Amino acid sequence: MKKIAYSLSVLMLFVSFVPSAIAKEEGPEPNKKELSPEDQARLDQLENRFLEIKAMDFSSMEKSERKEVRKELREINKESKGLGGGVYISTGAIIIILLLILIL
């Protein structure tokens, strides 16, 4: 009985703080940067190259060719993350998700 009460109290504690955290994230992000036209053009080039690679038939390629394509994809991924930012999950959100998974 104590274990259930403790679990429910912890759950209610986390549920009470989640709406306030979500409300803070809905506003405009002050850290979000606008891409310059050159960066946007480069990002479009990377996306087009990615789509070309995705449309390739890998079964007809040799092992060394596939390795080169994988290497190029990794470079495209690194460069696009540097240009476009990305989606990040905060440490607090990860902890809450893990606790909810453990509780449920």
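Just so you know, these numbers come straight off a predicted model, no measurement behind them. The figures here come from the full heavy-atom set of this structure, side chains too, leaving out hydrogens, waters and symmetry mates.
For Asp44, the side chain to side chain donor-acceptor pair (under 3.5 Å) partners two or more places apart in sequence, or in a different chain, are Gln40. Partners of Glu52 by salt bridge (charged side-chain N to carboxylate O under 4.0 Å, His left out), not counting sequence neighbours, listed by chain and number: Arg49. Taking Ser64 as the reference, nothing meets the side chain to side chain donor-acceptor pair (under 3.5 Å) condition, with sequence neighbours excluded. Qualifying side-chain contact (heavy atoms from CB on, under 4.5 Å) partners for Glu68, counting only residues two or more places apart in sequence or in other chains: none. Listed by chain and number, the residues in a side chain to side chain donor-acceptor pair (under 3.5 Å) with Glu75 amount to none (sequence neighbours excluded). Arg66 meets the side chain to side chain donor-acceptor pair (under 3.5 Å) test with no other residue; sequence neighbours excluded.
Under the 4.5 Å side-chain heavy-atom criterion for grouping Ile, Leu, Val, Met, Phe, Trp and Tyr, Ile95 is not connected to Leu102 through any hydrophobic cluster.
For the atom pair Leu99 CG and Ile103 CD1, the distance stands at 6.0 Å (nearest 0.5 Å). Here the straight-line distance linking atom CD of Glu72 with atom CG of Leu46 works out to 9.5 Å at 0.5 Å rounding. Rounded to the nearest 0.5 Å, atoms CD1 (Ile101) and CD1 (Ile96) are 12.0 Å apart.
For the pair Ile76 and Phe50, the tightest heavy-atom approach, listed with the atom from each and the gap, is CD1-N, 4.5 Å.
Shown here is Ile4, whose CD1 atom has no more than 12 heavy atoms of other residues, nucleotides or ligands within 6.0 Å.
Looking at Arg74 and Arg70, their side chains come closer than 4.5 Å, going by heavy atoms from C-beta outward.
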### Task
Could you check Asp39 against Leu43 for side chain to side chain contact (heavy atoms under 4.5 Å, CB included), going step by step and ending with a plain yes or no?
CA-CA 6 Å; Asp39 288 342; Leu43 199 56; over 6 Å; no

